[in-house]
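Whatever order the structure lists ligands and atoms in, that order sets their numbers, starting from 1. Side chains included, hydrogens not; waters and symmetry mates left out as well; all remaining heavy atoms used.
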Amino acid sequence: MSKRLTTTAGAPMPSNDTSKTAGPRGPVLLEDYQLIEKLAHQNRERIPERVVHAKGWGALGTFTVTHDITKYTRAKLFSEVGKKTEVLSRWSTVAGEQGAADAERDVRGFSLKFYTEEGNWDMVGNNTPIFFVRDPLKFPDFIRTQKRHPKTNLRSPEAMFDFWAAQPESVHQVTILMSDRGIPTNPMHMNGYGSHTYSFWNNDGERFWVKFHFKTQQGHKHYTNDEAEKLIGSTRESYQEDLFNAIDEGKFPKWTMFIQVMPEADADRPDFNPFDLTKVWPHSDYPLIEVGELEMNKNPDNYFQWIENAAYSPSNKVPGIGYSPDKMLQARVFSYADAHRYRLGTHYEALPPNAPKSAVHHYHKDGSMRFFQNDTGNPDAYYEPNQYSDAPVADMSFEEPPLRIDADAFRHEQEVTDVDFVQPRALYAEVLNDEQRHRLHHNMAAAMGPCSQPVKERWYAVLERVHPDYAAGVRKAVEEEGDVNAVPVTEDTPVHAK
Ligand code: HEM
């Protein structure tokens, strides 16, 4: 026998398809409360989409430690080889809205929530090891250039390249974005990076600077602009389809986790700032150290509940993992939880995807959607300090070692110097081969084709500082392709019946 349909208050429902009317032709009665309830629920089915990274795909899975890194960190999730931790992943594009096509040229978000026994650790990274800007004051402006123009309501290549040309430190990341890696075929065929320098601290109170890498075991696969355009013409949801179907068919995607480690005292050694988010750490100086394996093996039963409600934040860290002086990182520690309170509500951490698997005892109190029980475990202990021996108390043994900062606080403007072009130059001239450079030139030309000549010239000047062949190659490709948006519409297509 099928289950009985009920109202949200649990009463049996006599009908779910016919409203209550005064006669067969209507009108409906105001007392048909379940009609009103149904319409009212529909009106509240959407929450604000994420201000960035709105389009996403996610899964549940497991992280398994394969190598011992306990000399670097006391984090419980790494405490022994073989240890398993449940993980919730979410991958995303940055600029597109929730309904945007998946196979667009953009940076991809790579978020992992590790449900460890000492709380949740969120690794909120990207599929690129670096970023466009290194000062958080520039982030909202940068994002504005990626979103829609206020008047045309269209994406604006003019704004993108105008901004990048004024921030030449962005050229490293723009090069990656315009390279083959700019359109992965789906999340399974791309790497993930923590991008920032974070820190680890061990049981002896020693601190290490660390970078996180998740390397795809499926191999890198990417679309060219032409392939992506054709694909988007037939499906806009290619990532969701690929990921969901792979997991549904038991073809579980995997990544190998590595770290790069720098002793705390070595931060002055590299000839670049190791906390600058526009720089990588050369693998020759800081080799990859293997840590474990990530396997995503379960599709959530309800996308909205698990992926739309997922609230990732760099502020979620566990004992043994800390921040670094990277100023972008400090801004992110504030920004994400603020976004979640707005998007999901005060008690977003209690929602299923965000609730830790470890015990939660805090003194935060009421507010909308306060649906969980008293967190202190003792109803009299609703303030602190208090007289109750069973009430939760803080434990200084979890305090991380002091972070040494030698500083006069003022606005340290970071000038763009030759150091900013060393790494993009090496990427352009030494890492990419001729064919990859050719595609880079043409991808960039396609992206900047619609820009005005002054903006193009300013961007060529930035490329020139990377490598003269880079500037010349992109200039030539722009000239060859012309203004890619200036394709005339030659015939009218009627859309109304005569
Ligand atoms: C100052 C710099 C940044 C600020 C202020 C910032 C802010 C934000 C905000 C407000 C969101 C939306 C959160 C939500 O509503 O759930 C977001 C999402 C995201 N950001 Fe950032 N962001 C910054 C830089 C970065 C960097 C450098 C990375 C990668 C290394 C990154 C990766 C992500 C990812 C992956 C998401 C989506 C998280 C998810 O899957 O739900 N962001 N960011």
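Only the side chain of L277 comes within 4.0 Å of ligand 1, counting heavy atoms alone; its backbone N, CA, C and O stay farther away.
N126 ND2, 3.0 Å is the protein heavy atom nearest to atom 29 (C) of ligand 1. The protein non-hydrogen atom at the shortest distance from atom 14 (C) of ligand 1 is R50 CG, 3.5 Å. At the shortest separation from atom 39 (C) of ligand 1 among protein heavy atoms lies R90 NH1, 3.1 Å. Nearest protein neighbour of atom 16 (O) of ligand 1, counting heavy atoms only, is H340 CE1, 3.1 Å.
Any protein N/O/S atom under 2.8 Å from atom 21 (Fe) of ligand 1 was counted, giving 1 altogether.
Remark: ligand 1 atoms within the under-4.0 Å shell around heavy atoms of R343 are 14 (C), 15 (O), 16 (O). Distances below 4.0 Å separate heavy atoms of H196 from the following atoms of ligand 1: 27 (C). Those atoms of ligand 1 that come under 4.0 Å of a heavy atom in V51, given as number and element, are 10 (C). For ligand 1 and F110, the ligand atoms under 4.0 Å from any heavy atom of the residue are 35 (C).
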Stepwise ring-ring contact (aromatic ring centres under 6.0 Å, His included) check, F372 with H347: CA-CA 9 Å; F372 45 99; H347 293 294; 4.9 Å; yes

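When each of Y198, F258, Y193 is checked for a side-chain contact (heavy atoms from CB on, under 4.5 Å) with F212, only Y198 meets the rule.
Taking each of S92, A337, G125 in turn, the one with a heavy atom nearest to atom 35 (C) of ligand 1 proves to be G125.
Classified by interplanar angle (parallel below 30°, tilted 30° to 60°, perpendicular above 60°), the ring pair H364/H362 is tilted. Taking the six-membered ring where tryptophan is involved, the planes of F142 and F163 are tilted, since the angle between them lies from 30° to 60°. Aromatic ring pairs are classed by plane angle as parallel below 30°, tilted from 30° to 60° and perpendicular above 60°; the pair F275 and W209 is perpendicular.
Using modelled atom types, one finds no donor on one side chain facing an acceptor on the other under 3.5 Å when comparing Y336 with D338. Between the side chains of K230 and S234, no donor-acceptor pair is found at a separation under 3.5 Å.
Taking distance alone, with nitrogen or oxygen atoms compared against 3.5 Å, S195 stays at or beyond that limit from ligand 1. Considering backbone and side-chain N/O atoms, S111 comes within less than 3.5 Å of an N/O atom of ligand 1.
Within the structure, salt bridge (Lys or Arg N to Asp or Glu O under 4.0 Å) pairs that include any residue of residues 158-171 comprise K138-E169, D162-R458 (at least two apart or interchain).
Using modelled atom types, no side-chain atom of R465 and backbone atom of A461 make a donor-acceptor pair closer than 3.5 Å.
Within a 6.0 Å radius of OH in Y342, no more than 12 heavy atoms belonging to other residues, nucleotides or ligands are found.
Of the inter-residue distances, the one linking F214 atom CZ with K254 atom NZ reads 15.5 Å to the nearest 0.5 angstrom.
A 4.5 Å side-chain heavy-atom check between F272 and P282 finds at least one atom pair inside the cut-off.
Heavy atoms of Y342 come nearer than 4.0 angstrom to ligand 1 in no pair at all.
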